[in-house]
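So the structure is just underneath, and the comments pick up after that.
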Amino acid sequence: MAKVTMTVNGKPVAAEAEGRTLLSQYLREGLGLTGTHIGCDTSQCGACVVLVDGKAVKSCSALAMDLEGAEVRTVEGMANPDGSLGTIQQAFQDHHGLQCGFCTPGMVMSAAALLAENPKPSEAEIRHYLEGNLCRCTGYHNIVKAVLSASGQDVSQLGTVAAE
Amino acid sequence: MPKDGIGASSKRREDLRFLTGSGRYTDDMNLRGQAHVHFLRSEVAHGRIKAIDTTAAAAMPGVVRIFTAADFESVGGLPCGWQVTDRHGQPMQEPKHPVLADGKVRHVGDPIAAVVAETPEQARDAAEAIGVDIDELPAVIDMKAALKDGAPKVHDDLASNLCYDWGFVEENREAVNEAFDKAAHVVSLELVNNRLVANPMEPRVAVGDYDPWGDMHTLYTTSQNPHVIRLLMGAFVLGIPEHKLRVVAPDVGGGFGSKIFHYAEEAFCTFAAKALKRPVKWTASRSEAFISDAQGRDHVTKMELALDADHHFTAIRTETYANMGAYLSTFAPSVPTWLHGTLMAGNYRTPLIYVNVKAVFTNTVPVDAYRGAGRPEATFQLERAIDKAARELGVDPIELRRKNFIQPDQFPYQTPVAVVYDTGNYQATMDKMLQVADHAGFEARAAQSKARGKLRGFGIAHYIEACGIAPSNLVGQLGARAGLYESATVRVNATGSLTVMTGSHSHGQGHETTFAQVVAEMIGIDAGQVEIVHGDTANSPMGMGTYGSRSLAVGGSAIVRATNKIIDKAKKIAAHLLECAPEDIELKDGKFSVAGTDKSVEWAGVTLAAYVPHNYPLEELEPGLEETAFYDPSNFTYPAGAYGCEVEIDPETGKVAIVGFSAADDFGNIVNPMIVDGQVHGGLAQGIGQALMENCVYDKNGQLLSGSFMDYTMPRADDLPSYRVDHSCITPCTHNPLGVKGCGEAGAIGSPPAVVNAVIDALHRGGHTHVSHIDMPLTPARVWAAMQK
């Protein structure tokens, strides 16, 4: 066991970790940030996606000890300073982009990473980017709609039968 | 009229916590002094346990105690909640289902021992040090092989691997055979309804706690129905009376049926917490979920449809083998029987139906209800057979359906398979779907696809489901060992806000929002004044939980009843305050007025009077304003709809792309259209997943080959289309107060045949006329292989 320090959601934090402690465990068990969820054990589902130094990372596939000094952002750090929902969070609520809420933290963080890279993604680009995040409730339609809307684009044509 | 009343697409209040990481799922809970359990599970599908050596493991760091079957001699096994009676009037064969494997292991994942340690890692490390000596036995995996004479028996004390041989309607068997003998056309199909894994994104979790001060047991668990778990586990497994057992299901991350059932891990954690006098927590890994959550579907069917010379359906005959897995999960026997056979009439006037189902034990994970449960299997058979009939007869599949639809003026409609449909208009949903799908423009789109070297096809399916489960007296006759009512307590607080306790459970459905809309509408107040409480046996009346698209139709009806009782009493209080007769009181927009006068009192004035009864008719009315109601439905509800799927196939690879999916559902009245859309989207994704991708596969030795998300293909965002969903066709349910039918399972029921029909249509249009069927999932390999003659 050793103490690992990071900056999480803008605050300096420290917690004990074993060599095998995953970032997801460090956040959940070490820091009590249970917004980051664990939905699988093969790095497939993306419920645990957080931003590490601005990049989307599946926190179940990173070791806490490797991230000494890293800057981490989790879903707990996505609201506006006054506590109201941030733009992406608000779009998810407005467009019913979540049902059970379990995949949602990972979806929100992946969406944040996408929009940072590509501020006006197409429907196809959103679907491709979110391929690493599984959702079993929404059928993705409203998640795609929420991300399109968060990027300031028109969502009214979603679902139109495509000619190609 | 409240702005968040019935019919409003109110945003969900629960989203605020889910979007900020403040949800409280079971794994987020950690109790003081808690220990962790890891289950050592069987690596073989079938074997006799000769010895378990825990000596080395017990000495490992952090180990608190290791449990085996010997520790559970004094407790019962996991009960089955439904007894099916076979064709000959005999009860089904019902095996024992111990909490930990006793003498034999019967599937990969069967728990053999449980290690409780200070940390999850220590428990897992120690489990690896347990020595288990197992004599591996031949496994039975294939259902038909399992029924052969001399096949290895999953349960030594049962006569065979046949759970039951069920016939429905048994009295019609000969008449159906005669109808087939006389038929002008007979269509026959061999169909596999592929085994699926529910895979809610939250794996199962259980935390047991015990308070010796009051001899009180508490179980926190990922359940769709905490009261059912309390009853089953308390009464049948651990012998704990209800007043000493509290079951809490906090935020639950999806269920789709798999979290209805009572599982061994729940009983274990509750039992161990008392034995160890400290909380015991179990969190499933996804790999563990694949070998311990009840799985779905897995039917093999021969379906036959008889038609007369005018193409009217005259009879249906089916023979289905239904996999039960190694044990009977809680409601497993009901799925291929009463949730399947009763739906074989579909939307059609077929006078004679005979359904035969053989339920079979195999050395696989138990199978139970998964979104739709029996109804997708029925719909798939029927809608595939009708499409095949249309093709063989050279008629339009839409017109063949229309010709045989139960017509709008024929409701209520008694089917030959026991149920009575109250309302519906199938021509209307078919029309609407064709419009939403721009069916008229299909040929032009197909020509464009052809120009690009792709094969385009359009497939339709029309489904019906029986939801709102269920009339208790009816299901009791059919073998259910539970009632299926729902409950609600409406507690009006002194200053006018309301706390509503419901026996329904939300694990993604948004009840906290929609149920509040219903109450707000009835009283005429803002929905923000209404709090919905669920998921804790300590604060809600006995209720049966959420599955079978029942929450609004049954749970919502209980809330309506309780709220009506509140309104009745509040009117009496208002009449006293306004010095008039209760019959003269009107409630509108949160205000009680005397009809025809300007005298009125606000809602909050009445509620305050109820709790501060200074000016109050105490001789006639008790103070307070709190009512409980139980609602037991008089019939199922019958949502129905038409689905249209448009696919494009790459003939080089066989890859199917869904380029359009349109749904026109009749769910009766709608409380929150936004949430209903979302329910349909999710169901469609699961149905399309079944049709194109998902498959739970065992090898011949019973090893699960699709045991992780790397092997079991879950639909991802780029596998699925955006959907066109319409629910403007409304024939309200006639027998519940809201006129609602339920929408949770429709998508998963109607979409698989629409997808397969579309693929077959595309192949035929592309000249591959020899392909009459491809078994799901329609992977590129299967489609490509089918295309080759």
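Only this structure's heavy atoms are used, side chains among them; waters, hydrogens and symmetry mates stay out. No experiment lies behind these values; they were computed from the predicted model shown. In what follows, chains carry the letters A, B, and so on, assigned in the order in which the sequence lines appear, proteins first and then strands, with residues in each chain numbered from 1.
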Under the 3.5 angstrom rule, does the side chain of [X] hit a backbone N or O of [Y] as a donor-acceptor pair?
X	Y	answer
Glu512(B)	Arg13(B)	no
Arg724(B)	Val436(B)	yes
Ser258(B)	Gly255(B)	yes

Measure [X] against the heavy atoms of chain B and call it side chain, backbone, both or neither at under 4.5 Å.
X	result
Thr104(A)	side chain
His37(A)	side chain
Ile38(A)	backbone
Phe102(A)	both
Leu134(A)	both
Val144(A)	neither
Glu125(A)	neither

Quick test of your reading of the model: are Glu123(A) and Arg127(A) salt-bridged, counting only N-O distances below 4.0 Å?
yes
Please classify the contact between [X] and chain A as side chain, backbone, both or neither, with a heavy-atom cut-off of under 4.5 Å.
X	result
Val725(B)	neither
Asn30(B)	side chain
Pro721(B)	backbone
Ser287(B)	both
Ala284(B)	neither
Gln509(B)	neither
Glu121(B)	both

With under 30° as parallel and over 60° as perpendicular, where do the rings of His141(A) and Tyr723(B) fit, or are they tilted in between?
parallel
Smallest separation among heavy atoms of Met433(B) and Ala664(B), with atom names
N-CB, 3.6 Å
Run Arg445(B) and Asp438(B) through salt bridge (charged side-chain N to carboxylate O under 4.0 Å, His left out) and show every step you take.
CA-CA 10 Å; Arg445(B) 296 190 294 275; Asp438(B) 184 26; 2.8 Å; yes
Given the rule in the ring-ring contact (aromatic ring centres under 6.0 Å, His included) test, do His38(B) and His36(B) qualify, once you have shown the distances and angles that lead to the verdict?
CA-CA 7 Å; His38(B) 184 87; His36(B) 298 264; over 10 Å; no
Determine, step by step, whether Asp650(B) and Lys454(B) satisfy the salt bridge (charged side-chain N to carboxylate O under 4.0 Å, His left out) criterion, reporting the C-alpha distance in whole Å, the side-chain angles of both residues, the deciding distance to 0.1 Å, and the verdict.
CA-CA 5 Å; Asp650(B) 180 349; Lys454(B) 302 286 175 66; 5.1 Å; no
Aromatic contact between Phe458(B) and Phe442(B), with the criterion being ring centroids under 6.0 Å apart: yes or no?
yes
Chain A neighbours within residues 683-694 of chain B, where any heavy atom lies under 4.5 Å away:
Ala685(B), Gln686(B), Glu694(B)
